[in-house]
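Working notes, beginning with the structure itself.
Please read these numbers as outputs of a predicted model, since none were measured by experiment.
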Amino acid sequence: MRLNPVAEPIVDSNDVIIASMADAMPPPLLAAVAHLTGELSLLRDDLRFDPTKLLEPNAGYSEDQLELARSLAADALIRFRDAGANAVPEPDHATLLRLIEFATGGPVPEGFLDLLVEELALTGDVRAPDWRVDEIARGKSFTVGIIGAGMSGIAVAHRLQQAGVGIVVFEKNADVGGTWFANHYPGCRVDIPNHFYSYSFAQTTDWPQFYSTQQVLLDYFQSVAEQFGLRKHIRCNTEVLDATWSDGAHQWSVRTRGADGVENTTTVDALVSAVGQLNRPKLPDIPGRETFGGPSFHSAEWDHSVDLAGKRVAVIGTGASAAQFIPIVADEVSQLTVFQRTPPWLLPVDNYQSDVPASNRWLLRHVPAYMRWDRMWIMSRTNEGLLPLAAVDPSWQPNVRSVSAMNDMLREMLTMYYQLAFPDPELFAKVLPAYPPIAKRVVLDNGSFPAALGRDNVTLTTEPIVSINGNGITTSDGQQHEFDVIIYGTGFEASKFLTPMTVVGSNGIDLHERWGGDARAYLGITVPDFPNLFLMYGPNTNIVINGSIIYFSECETHYIVESVRMLLERNAHAMNCRPKVHDAYNEYIDTGNKRMAWGVSDVNSWYKNEFGRVAQNWPYSLHEFWEQTRTPNTADYELS
């Protein structure tokens with residue numbers, strides 16, 4: 001996959017250029033063309049994005065507005081071609097602000113502009129470290145161990161390498177890619193648009209679909225590792241067993257085991273856990289689960305050797321993964337029974353499985369900044385604009401089905417979709433959720449999941465499972481359901497951060513004993529008594545409705561890189577988070593989560609741990625997390 005490709009010259013005919021505008025939305029199209037040509041008159045007020053119409057078809061644009069915007073852009077590109085296709089200089093501050101406000105529906109909130117400029121990265125890799133080890137600590141070596149070569153591990157490895165910091169990456173799998181290497185069930189794909197679910201430093205025009213499949217995503221992350229020279233630092237088939245901090249040496253000793261069973265110990269100056277939250281499959285605690293006589297497997301450990309054709313198959317779970325593979329499984333089997341505990345809210349997304357049209361690909365190839373303005377457009381729609389839909393209104397009448405007027409409006413809109421998608425009244429009654437939207441993970445849908453549940457060979461049952469036996473499943477109504485295969489779509493052990501590793505910090509403190517099943521961290525990144533340990537996708541860094549998790553990983557990466565810089569510049573060996581700072585931060589997090597739908601609803605969800613606390617989610621704006629991770633505050637840490 002090509003990363004950060006150079007734009008191709010515009011030499012096509014008028015007809016080709018005009019046709020290539022057909023599927024573009026006005027905000028990214030006009031911003032990109034105005035940026036390229038300097039024709040700021042394209043940024044018309046009557047074509048500006050209105051954020052209040054975010055949930056309307058075509059984001060509130062009428063057909064006349066779409067036609068006008070596309071015609072204006074085509075005419076400008078034709079003039080640009082005829083004049084020699086000479087791009088104007090990069091916009092000054094005032095022009096850039098005008099472009100951003102047009103693309104996002106502005107005005108830009110105070111302090112937000114710097115974040116948006118970083119995301120755009122119009123002038124190159126603006127998030128790259130502006131320092132190197134040999135400049136600030138000449139002659140000093142510093143090595144960072146990174147556990148995991150998935151999305152987060154690749155990001156932090158790249159940035160540390162840019163700064164000249166020594167790195168070693170431990171990866172338990174046979175290759176890089178993390179969740180996109182491990183999860184290969186049928187239908188597996190991302191649920192964030194790819195032009196946003198990608199690194200700001202590694203953009204590509206090669207996405208074949210708006211929401212790419214597992215294999216394409218794996219290709220992307222492996223391409224990043226290859227093209228940025230990271231593979232030489234990665235030890236695949238190497239599982240971390242434990243990590244122990246030495247108060248005397250101020251280093252971490254990392255014990256690993258290779259595929260051959262041989263154990264080794266590596267000493268590093270700092271340690272980054274990039275294992276994520278969704279890396280250990282969760283199997284349900286159902287009596288008799290081990291006694292089933294046929295094949296059974298979790299969706300995250302899909303057994304492709306099992307032929308499902310003509311079989312009687314049970315699927316336990318209707319979450320995000322199950323909603324992706326159920327339509328495909330339903331096509332193969334003779335009979336499929338889906339066991340549902342809690343129905344998900346489905347969010348209709350027409351292009352969820354659609355190819356990027358040829359017209360859009362032309363723009364991506366020929367208009368240099370269109371790729372980045374399209375990313376900005378996606379960010380503006382999926383960022384803070386949706387967050388209020390999940391916020392609790394304290395004055396809202398007590399209601400288990402919604403938490404505010406806006407949340408209730410969303411519920412009504414989604415219910416209308418369910419009425420269309422599930423015309424069978426009996427099935428509709430089973431699938432319509434009885435809890436507030438966004439209290440549990442929302443599942444994107446283009447109609448394939450409802451169509452699968454409505455098939456003649458598919459049965460959805462809501463009777464609780466009592467037990468599993470050699471021949472199948474027994475439900476609470478006493479019925480025995482016989483199956484040839486059982487597939488578990490039951491999610492992950494999200495609350496069990498860093499398991500099954502043992503992590504021992506200062507004075508021999510065991511991290512898992514410290515947490516006691518209730519994981520917490522300052523900024524989701526550092527933990528008192530565990531010096532120079534940094535977590536990525538740690539406690540309370542999951543985002544629910546406002547953005548891409550890659551954004552969070554890039555923020556965490558920046559904080560980690562700047563922490564290493566602080567240690568080197570101050571000639572310090574270790575940084576240890578102060579307990580009062582850590583505790584105050586977690587009170588702030590808990591307060592925020594109690595004001596969100598996922599915090600007040602009692603619906604079962606992987607967002608909450610065994611104590612009922614939301615240990616996964618970030619309840620505030622993306623801008624707030626960006627601000628908090630700009631520079632480590634020395635007052636937050638004890639430096640030694």
**Request:** Identify, with sequence neighbours excluded, every residue that meets salt bridge (charged side-chain N to carboxylate O under 4.0 Å, His left out) alongside D191.
**Result:** R441
**Item:** D393 side chain vs V403 backbone, donor-acceptor pair below 3.5 Å
**Value:** no
**Message:** Any side-chain to backbone donor/acceptor pair from N351 onto S354? Under 3.5 Å, distance only.
**Reply:** no
**Asked** Can S402 and D408 be counted as having a side-chain donor-acceptor contact under 3.5 angstrom?
**Response** yes
**Message:** Before you tell me yes or no, could you show the steps for Q616 and S495 under side-chain hydrogen bond (donor to acceptor under 3.5 Å, both in side chains), namely the whole-Å CA-CA distance, both residues' side-chain angles and the distance that decides it to 0.1 Å?
**Reply:** CA-CA 7 Å; Q616 278 73 31; S495 297; 3.2 Å; yes
**Prompt:** If you look at every heavy atom in G547 and F196, which pair is closest and at what distance?
**Reply:** CA-CE2, 3.7 Å
**Request:** Might you work through the side chain to side chain contact (heavy atoms under 4.5 Å, CB included) test for Q353 and F210, ending with a clear yes or no?
**Result:** CA-CA 7 Å; Q353 297 180 5; F210 292 105; over 6 Å; no
**Message:** Counting neighbours of CE on M416 that are heavy atoms of other residues, nucleotides or ligands and sit closer than 6.0 Å, is the number greater than 12?
**Reply:** no
**Asked** So Q222 and D175, side-chain hydrogen bond (donor to acceptor under 3.5 Å, both in side chains) or not? Walk me through it.
**Response** CA-CA 8 Å; Q222 291 183 344; D175 206 344; 3.1 Å; yes
**Request:** In sequence, state the C-alpha distance, the side-chain angles, and the governing distance for N469 and T291, and then conclude on side-chain hydrogen bond (donor to acceptor under 3.5 Å, both in side chains).
**Result:** CA-CA 5 Å; N469 52 56; T291 66; over 6 Å; no
**Asked** Does some side-chain heavy atom of L283 sit less than 4.5 Å from a side-chain heavy atom of H298?
**Response** yes
**Request:** Would you check, one step at a time, whether the test ring-ring contact (aromatic ring centres under 6.0 Å, His included) holds for F297 with Y488?
**Result:** CA-CA 6 Å; F297 50 86; Y488 296 97; 8.7 Å; no
**Prompt:** At their closest point, which heavy atom of K440 faces which heavy atom of V603, and how far apart are they?
**Reply:** CD-CG2, 4.2 Å
**Message:** Tell me every residue that passes side chain to side chain contact (heavy atoms under 4.5 Å, CB included) with K282, counting only those two or more places apart in sequence or in another chain.
**Reply:** E493
**Request:** Not counting sequence neighbours, which residues clear side chain to side chain contact (heavy atoms under 4.5 Å, CB included) with P348? List them please.
**Result:** L414, Y417
**Heavy-atom donor-acceptor pair, D307 side chain to A309 backbone, under 3.5 Å** = yes
**Prompt:** With a 3.5 Å cut-off and no angle check, do the side chains of W618 and N542 form a donor-acceptor pair?
**Reply:** no
**Fill in**
The reported gap from CG in L498 to CD1 in I147 (rounded to nearest 0.5 angstrom) is 6.5 Å
**Prompt:** Between V485 and L308, does a side chain to side chain contact (heavy atoms under 4.5 Å, CB included) hold up when you go through it step by step?
**Reply:** CA-CA 8 Å; V485 181; L308 300 179; 4.0 Å; yes
**Message:** What I'd like to find out is whether the side chain of V313 reaches to under 4.5 Å of the side chain of T337, using heavy atoms alone.
**Reply:** no
**Message:** Regarding Q340 and T462, do their side chains bring together a donor and an acceptor under 3.5 Å, going by distance alone?
**Reply:** no
**Message:** Evaluate V216 against M1 for side chain to side chain contact (heavy atoms under 4.5 Å, CB included), listing each step before the verdict.
**Reply:** CA-CA 9 Å; V216 173; M1 185 174 286; 3.8 Å; yes
**Interatomic spacing from CG in L453 to OG1 in T459 - rounded to 0.5 Å** = 10.0 Å
**Prompt:** So Y551 and W626, ring-ring contact (aromatic ring centres under 6.0 Å, His included) or not? Walk me through it.
**Reply:** CA-CA 9 Å; Y551 167 93; W626 178 84; 8.6 Å; no
**Minimum heavy-atom distance V315-A322, with the two atoms named** = CG1-CB, 4.5 Å
**Asked** Can you check whether Y199 reaches I154 side chain to side chain, under 4.5 Å on heavy atoms?
**Response** yes
**Message:** If you compare all heavy atoms of L218 against all heavy atoms of G177, which two are closest, and at what distance to 0.1 Å?
**Reply:** CD1-CA, 3.9 Å
**Asked** More than 12 heavy atoms of other residues, nucleotides or ligands under 6.0 Å from CD of E56: is that the case?
**Response** yes
**Message:** Run the salt bridge (charged side-chain N to carboxylate O under 4.0 Å, His left out) test against D331 and tell me which residues pass, sequence neighbours left out.
**Reply:** R455
**Prompt:** To the nearest 0.5 Å, how far apart are OH in Y537 and CD1 in I550?
**Reply:** 11.5 Å
**Message:** Regarding Q479 and T474, do their side chains bring together a donor and an acceptor under 3.5 Å, going by distance alone?
**Reply:** no
**Asked** Do T499 and H512 meet the criterion of a side-chain donor-acceptor pair at a distance under 3.5 Å?
**Response** no
**Asked** Under 3.5 Å, is there a donor-acceptor pair between the side chain of W345 and the main chain of Y435?
**Response** yes
**Prompt:** Going through the distances and angles, do S621 and E624 end up as a side-chain hydrogen bond (donor to acceptor under 3.5 Å, both in side chains)?
**Reply:** CA-CA 5 Å; S621 71; E624 286 177 83; 3.2 Å; yes
**Prompt:** Looking only at heavy atoms, which two atoms of A330 and A452 are closest? And how far apart?
**Reply:** CB-CB, 4.5 Å
**Message:** For D590, is there an ion pair with R520 - N to carboxylate O distance below 4.0 angstrom?
**Reply:** yes
**Asked** Does the pair K496 and R280 meet the rule for a side chain to side chain contact (heavy atoms under 4.5 Å, CB included), with working shown?
**Response** CA-CA 9 Å; K496 297 182 179 180; R280 297 285 171 178; over 6 Å; no
Can you give the donor-acceptor pairs under 3.5 Å from side chains of residues 181-189 to other protein atoms, not counting sequence neighbours?
| unit_1 | atom_1 | unit_2 | atom_2 | d |
| --- | --- | --- | --- | --- |
| N183 | ND2 | T179 | O | 3.1 |
| N183 | ND2 | T179 | OG1 | 3.0 |
| H184 | ND1 | H304 | NE2 | 2.9 |
| Y185 | OH | S321 | OG | 3.3 |
| Y185 | OH | Q324 | OE1 | 2.5 |
| R189 | NH1 | Q209 | OE1 | 3.0 |
| R189 | NH1 | Y211 | O | 2.5 |
| R189 | NH1 | Y352 | O | 3.4 |

**Request:** Please tell me if the side chains of Q480 and E482 come closer than 4.5 Å, counting only heavy atoms from C-beta onward.
**Result:** yes
**Message:** Tell me the closest heavy-atom pair linking W515 and P539, and the distance in Å.
**Reply:** CZ2-CG, 4.5 Å
**Item:** Y620 and Y588: CA distance, side-chain angles, deciding distance, ring-ring contact (aromatic ring centres under 6.0 Å, His included) verdict
**Value:** CA-CA 10 Å; Y620 300 107; Y588 155 80; 4.3 Å; yes
**Request:** Check whether any side-chain heavy atom of S198 lies under 4.5 Å from a side-chain heavy atom of T204, and answer yes or no.
**Result:** no
**Message:** Quick one, Y220 with W180, criterion ring-ring contact (aromatic ring centres under 6.0 Å, His included). Give me CA distance, side-chain angles, the key distance, then yes/no.
**Reply:** CA-CA 10 Å; Y220 172 74; W180 301 111; over 10 Å; no
**Asked** Does E426 offer a backbone N or O that forms a donor-acceptor pair with the side chain of D424 under 3.5 Å?
**Response** yes
**Request:** Using the test side chain to side chain contact (heavy atoms under 4.5 Å, CB included), find all partners of A314 that sit at least two apart in sequence or belong to another chain.
**Result:** F339, I473, F483, I486
**Request:** Check the surroundings of atom CG in D350: do more than 12 heavy atoms from other residues, nucleotides or ligands lie under 6.0 Å from it?
**Result:** no
**Prompt:** Just checking, is any N or O donor in the side chain of N360 or D23 under 3.5 Å from an acceptor N or O on the other one?
**Reply:** no
